[in-house]
Structures are given as structure tokens and as C-alpha cells.
Amino acid sequence: MTTIAQLTPATSVGGGDLLPLSQAGVLYSVSVSQLTATSQPVINIPSGDLLGRNSIGAGEPEPVVVGTGLALGAGALAATGADHAGFPVQGSMGLSDDVVVSVNGVPGLLPVLALRDLFSGGAGVAIDNNGVISVTVSSIAGPGGPQGPAGAAGSVGPAGATGPAGAGLSGPLAGNAASSVGDSDYVALWQNGALAWMPYGQFLGGQTIDELPAAGPAGDSDELLVAQNGNTLSVQSFSAIWTYLQSKLPNVQPAVVELTANTVLDSTQHNNRFLVASAPITLSANFTNMGPGFSCTLVNLAAGPITMGTGITSGSGSTSLPPGASTSLLGLSYSGGSLVWWSGVVPNAPTITIGSIVGPGLNTPFIVSGGIFNDAPTALDYSVDGGVSWVAAVSPAITTNAYSFTIPGLTAGAYTVRVRDHNDVAIVGVSNSFAIAPPSISIASLPGTETLGSAIAVSGAVSPGDDAVQIGLSGSATVVPTNWVNAVVSGGVWTGSLTPAAAGTAYVWAQQVADTAVTAVSGAISVVSASLNITAPSTGTVATALTVSGTVSPIADAVNVQLATQNSAAPTSGWTAAVNSGGSFSVALTPAASGTYYAWAQDASTGVAAVSSAITVAAAPALTYGFNNPGGSYVHGVSTIPLNGSVTPAQSVATQVAFSTSSTVVPTTGWEAAAIIYSNSLWAVYYPTPASAGNYYVWAQTSAGTNSAVSSFTVPVT
């Protein structure tokens, strides 16, 4: 028995061709036109396109190009008048010409000659058929009589109605703002009650700034152009400008530069600045890098003296600036040479200074140290209550220029320390202010979920800032952990990591090593085991998407999925990101060839992988593309061409279509995705009209580049 597949394919199909049809168990014949008479194909066209029939004979709808002078918008076809631009230009108007007019909304023609009927020459003036205007001699008045005396002026009449707006200046036109101005540019003027134009060069008299006469020495009465509250120019005197500048000068504050090591002065870093030495250092100078006019103020807030080194000249011969003193350094050039100078005058009064104190811990002993100048104490006292009461320093270490001793721990509060010479109580040094706060510890916020076996990065703050911190994990917010790990502490911030050993609820604990009562506990953390499951269909078809799904824990982890031909080792590349919703993920994967596949999933965070059972992928059914001739001719680069054809056997397969001038070489570019319609039996696409004229073959293939087919006809593009 002959099957349909064994029949010879028809080269073309017409409405009278017959097909077998079964009705109530009886086989009949039916024509193609009968079979398709009641079917109406779905027409999908882009918004703004117009369909019609411009080919000879009946057939499918075709794009209709809207010509010049017409526009399609909001469902209406309207004339724009753009076609008038192509009309020939008439050099002059003749009496036999006609003009187009509208009479009550109906277009018509009016002879040019009839236009003259709208005008009348008036008394003594005649207009002949050729449009010549002449004066009737008899209507001309005789010579005027002598001028009589002027009568009294009448009263001023009422103002007339305001006339319509004029056309504006009739100068050169410009469509944008000027970016520069030249002598040939124009400036608008109001002159004698009317608008006028003047060349910019004439406006300035052609004079440029380099042609202006040189000014003499500036004086208070000299003036400059300024714009105030707008772009209108006015003048301002130098005197007024100087008053403005003086009001601003007090707001300029010199910068402060701290010196902590031996320093060579230069103009870039130290000129016009306050230099504060916080450590006993040596200053030197290189006049070449400073220059005449250099100046700075030096303040010694160190525990020891500042030594004036190479390049610095002292007025008194002294080379040392004691603690607590200040001076100025100047760069000078004069007939005797150039030098960096300071007075060298220093206070001789005995001085005790105190180095900077950082707030110690609560009840924690701390060291106080400082400098001694022009004094030789054998014992020291200190006060922490503003000098109300004094305590003898225990075993102070005293040298010629420095001292140190230990103060026992203090309670919480704000303090300054005073140190005095026990033998001369008038010699007192005062420290900076510092605070002592109760010890504290805190834990920074942590994620609500962590993975079993993965390290948890934890951090927090501790006060005092250098106290040791230990951290641990507990299953309770009230039960102290059994194991502790030392955290890293720096500047009041501690960091560390902990790894949960069991699933469930965990809490991070942190406490000071020196005082375990100072403790902090985090919120609850859910520790979950990492898991991954994947499910895939057992069968599939080439080029047809397979839906792969599964679950992941932790539920927020990203999951990557792909197909592989083996199930022994997870792939190392080619992953596709799945969509994860609350721990359930899914993704569509399309096999490119037949065979046995496995779906792999991998947790991007934990690295846990899972593989599905085998998937048998069968070859896709034999696929053949047919083509329907769209007919007609198309203009290159204009609109689109409606193309369609058959998909045999009917199946949902991703399809693409392209044009080519060759019927033997598959195109490499220009592919457009086609829609599969009519129960997957027809492909259709509106293909962009090629940019170049020619005769084009239609090619169709799967989106994977298989089952390529070409039309037997060409589509003409002009």
C-alpha cells in the first residue's frame, strides 16, 4: 500500500487540487479551495502598517506603501501636502493661469484674471485687462492755492486699536545660540522708534582689547565692569571692590601641619601654616626650596625641645625651642644674602609638659610622661581633679629633660592630669582631656542563615580599644559556649571567624578576656545543612526544551544547571543560571543532539552538586520547510515583506528565516525569528525589505542551524 510519504511532492498547489476527506466513515474528495474557504489566517502586522492588494489578481494581503503627501496615523489616512515640494516651480504668473481655491470646503480652480476683480482702482485710477495701472488726467486737481494760516490745534483723539504684531527684525536668521562673536555678526538696536541691525564690528568700532590705550597706576576711583542680579553691566570702583575683599580676608584660615619626625622646611608644605611639633624633632631648611617671603609659626607641644638644625639662623644664638613655646620662622633676602631666620628668644621660666594621654580602661593603671625644661625636680605630684588635691607620684623616673610615672586606675569619667614639681609647686603642666568609660563589647549584625561547615565571619567593637576579645558559638543565648577563639583586636574593632559544627540554631558570643562579665550575644542564626536535589524528565526530543527543577538549601543560594552526557563528575563550565524561588529552582534546557543526557545542578555558594537520572533524547521528527510566494515587487529599504510557509510534520520548533541572492549557499547573516502558527503547521514572519535591490531567495532553518531549505522562487526587490 502506497503511503503519503512515498508520493511525489507537488511542485505547486492550486484551489482546484483535490485532497482525500473522510466523512462519517466514507472517503470523499475535497478541493483545496473548499477546505480553506472558511478559514481566515491570522494577520499580524506591526503598528502603523497598511495592508491591501497591489498585485494583479486575487491573493493574500500585501503591504501598501503610503506615498509622498500622505500620512497614516491614529487609524486615519491624511494628506500632508509634502507632495507639493515636487511640483515644478513657475517663474512668473500669466493671465491664463489658474490657482487652487477652496469654496465652502470644496476645491476648485480660479483664473488669475478673476483675482483682479477683488481690487478697485478708485477715483482717477484705472486698471486695464493687462494689469496696467493708469491715472485719469481729468481727475487730477489743479495747482494748490496759497497756504493759509495754521488753525488752533485740536484736542488729542483717542488711541487707535493696537495693530497686529509685525514680522520682527529682518536681519540674518539663526537657528541656534551663538558660540562666538565676530565683526561680521549683527546686533539688534532700537533707533528712532524702530528696530534696526548693526554689525558687531561697527558696534565696537572695530576696537579690540589689545588696541586700547594702556592704563596708568590703579586708583580707588578706577572702575571695572560688573553684572549684578542679572546680565546687565554696570561699573564698580576699585575702592568698593577692596572693601568687599577686606570683608572676606578674615575668613581665610592658615592650615595646621603636625610634625612628628625630623623635617626639612619647604614652601609647598609649610609656608603660611601653623606647624605643631608633637614629638622632640630637629628642623632644618633649604632656602632654595623656600624663597624670600616664606613664613610659618612653630608651636612646640612635644615633651622635649625642638632643635633648629642646618640652614636656620638664630638671632640670639640659641638652637633650642623648649616645650610649650612658640616662634616664627622667616625666609629673608637682603644685601647681605639669603637666610631662614628666627629670633632665638625663648622663655627661661621652668616648664613641665605632659605627653598626650589616650583614655585607659576602667580602673586600669596608666603611664604619664612628659618633658622638663630649666628645672630639676627630685619628686613629682599629680592631680586628676583640676588641682583641688595632689598625690605624690610613686617612684617617678626623672632625667634632665624628661620624666614618667604610673597613675593607678581611675573610675569612669572625664579627666585632665596635672603634674607639678614637688619642690616648686608653681611649676605645673596640664595634659589633654580624656575619658574613661566602663568596658563594653558589641557584635555587628549577622545573616539569619548560615551553612553547616562554612566559616561565619564576625566582627564588633570593644572598649577599651586594646582589650583582648574571645568569641564562641552556643546553641543558647543564655548558656556560655564551651569553646572560645581569640579574635583580632585593632583600634577598638575586633574580627574573627567561627565554623558551626551542627545544624540548628546558633548564637555568637563575644567577651573581654580580662573581664568575662563584659559579654555580647548575637541574634539567632539558623544553621542548615547544604543540600541540592534535581529532577528532569526521562525522555526528550532534540531541539525541544526540557524543564529541569529541584530544591536547594540554604534556600537563598544561587543554582546553576546544565546538560551533560555523563553522570560521574560535575561539569567545569557551560552552566545556566536557574530561577530560584524560596529554595525551589527551575530552568529550561534544550538538547542539540540525540543521545543519553544527565541534568547537573550546582550550588554556587557551597559548591554542592547533584545529578539527575538518565534522560533519553530522541532525534526530532523529519522536518521540512515549505514556502509560499508573497508575490509582487518590493522597494528596497522600505517596510517589510510578509513571508510564510509550511512546517512538515507540524511541530513547535524554533525557526529562523533569511534572504539571499544565492539558492545554494546558506546565508550567514540576516536571520529573523519566525512564528510557528496554525497548530504548528505554518511559519510566518514580516521580513525587513533588503537595503539593496535584487532578486532574493527565501531560506528557512531551525534556530539551531539545521534542516535548511530554500524557496524555488525569488522575491524581486527594486
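- Within the 4.5 Å cutoff, the side chain of Pro254 has no heavy atoms near those of the Arg273 side chain.
- Between the Gln701 side chain and the Ala704 main chain, no donor and acceptor come within less than 3.5 Å of each other.
- Side-chain contact between Trp494 and Val488 is absent, with no heavy atoms from C-beta onward closer than 4.5 Å.
- Residues Val419 and Val368 are in side-chain contact: their nearest non-hydrogen atoms beyond the backbone lie under 4.5 Å apart.
- What you find for Pro554 and Thr451 is that their closest heavy atoms are CG-OG1, 3.1 Å.
- For the atom pair CG (Asn707) and CG (Leu623), the distance works out to 4.5 Å, reported to the nearest 0.5 Å.
- A donor-acceptor contact shorter than 3.5 Å is absent between the side chain of Glu672 and the backbone of Ala658.
- In the model, Tyr625 has a side-chain atom that pairs as donor or acceptor with a side-chain atom of Thr655 under 3.5 Å.
- Pairing each heavy atom of Leu362 with each of Ile436, the nearest pair is CA-CG2, 3.8 Å.
- Scanning for side chain to side chain donor-acceptor pair (under 3.5 Å) contacts around Asn567 gives an empty result, with sequence neighbours left out.
- With contacts defined as side-chain heavy-atom distances shorter than 4.5 Å, the pair Leu283/Thr307 does not qualify.
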Item checked: Val388/Trp390 under side-chain contact (heavy atoms from CB on, under 4.5 Å): CA gap, chis, key distance, verdict -> CA-CA 7 Å; Val388 175; Trp390 294 87; over 6 Å; no

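- In this structure a side-chain-to-backbone donor-acceptor pair under 3.5 Å is present from Ser646 to Gly626.
- Contact annotation: the side chain of Trp600 never approaches that of Val561 to less than 4.5 Å [non-hydrogen atoms, C-beta and beyond].
- Here the shortest heavy-atom pairing between Thr519 and Ile441 reads C-CG2, 3.7 Å.
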Notebook entry, point to check: Given the rule in the side-chain contact (heavy atoms from CB on, under 4.5 Å) test, do Val508 and Ile525 qualify, once you have shown the distances and angles that lead to the verdict?
Noted result: CA-CA 8 Å; Val508 174; Ile525 302 172; 3.9 Å; yes

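- Across all their heavy atoms, Ile443 and Ser522 have their closest contact at CD1-N, 3.7 Å.
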Next item on the list: Let me see the working for Ile471 and Val458 under side-chain contact (heavy atoms from CB on, under 4.5 Å), right down to the final yes or no.
Entry: CA-CA 9 Å; Ile471 55 177; Val458 292; 3.7 Å; yes

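- In this structure the side chain of Trp699 never reaches within 4.5 angstrom of the side chain of Val657, judged on heavy atoms.
- Side-chain N or O atoms of Gln566 include one that pairs as donor or acceptor with a backbone N or O of Ser568 at under 3.5 Å.
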Item checked: Stepwise side chain to side chain donor-acceptor pair (under 3.5 Å) check, Thr576 with Gln562 -> CA-CA 6 Å; Thr576 298; Gln562 73 159 291; over 6 Å; no

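- Side-chain contact check for Gln470 and Gln511: at least one donor-acceptor pair (N or O, by modelled atom type) lies under 3.5 Å.
- Here Ser679 pairs with nothing under the side chain to side chain donor-acceptor pair (under 3.5 Å) rule; sequence neighbours left out.
- Residues Ile676 and Val647 form a side-chain contact, since some pair of their non-hydrogen atoms from C-beta on lies under 4.5 Å apart.
- Proximity of a side-chain donor or acceptor of Thr640 to a complementary backbone N or O of Pro688 within less than 3.5 Å is not detected.
- Of the possible donor and acceptor atoms, none in the side chain of Thr416 sits under 3.5 Å from a partner among the backbone N and O of Ser433.
- Atom CD1 of Ile534 is separated from atom OG of Ser549 by 8.0 Å, given to the nearest 0.5 angstrom.
- Here the CG-OG1 distance, from Asn271 to Thr268, works out to 9.0 Å after rounding to the nearest 0.5 Å.
- Using modelled atom types, no side-chain atom of Thr541 and backbone atom of Thr544 make a donor-acceptor pair closer than 3.5 Å.
- Residues satisfying the salt bridge (Lys or Arg N to Asp or Glu O under 4.0 Å) criterion with Arg420, sequence neighbours excluded, are Asp381.
- Atom CG in Asp603 sits 4.0 Å away from atom CG in Asp557 (nearest 0.5 Å).
- Minimum heavy-atom separation, Thr495 to Ser459: CG2-CB, 3.9 Å.
- When atom types are taken as modelled, the side chain of Asn289 and the backbone of Asp266 share no donor-acceptor pair closer than 3.5 angstrom.
- Counted by atom type alone, Ser476 and Thr478 present one or more donor-acceptor pairs between their side chains at under 3.5 Å.
- Under the 3.5 Å distance criterion, the side-chain polar atoms of Ser474 are matched with a main-chain donor or acceptor of Val479.
- Remark: Gln602 CD to Asn560 CG distance equals 6.5 Å, nearest 0.5 Å.
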Next item on the list: Before giving the answer on side-chain contact (heavy atoms from CB on, under 4.5 Å), spell out for Phe366 and Phe434 the whole-Å C-alpha distance, their side-chain angles and the decisive distance to 0.1 Å.
Entry: CA-CA 12 Å; Phe366 60 97; Phe434 60 92; 4.2 Å; yes

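- To the nearest 0.5 angstrom, Ile407 atom CD1 is 10.5 Å from Tyr415 atom OH.
- In this pair, Trp484 and Trp509 present their aromatic rings perpendicular. The plane angle is above 60°, beyond the 30 to 60° band.
- In this structure, the side chains of Ser284 and Leu265 stay at 4.5 Å or more apart for every pair of heavy atoms.
- Here the side chain of Asn533 pairs no donor or acceptor atom with the backbone of Val552 at under 3.5 angstrom.
- Heavy-atom minimum distance, Ser594 versus Val542: N-CG2, 3.2 Å.
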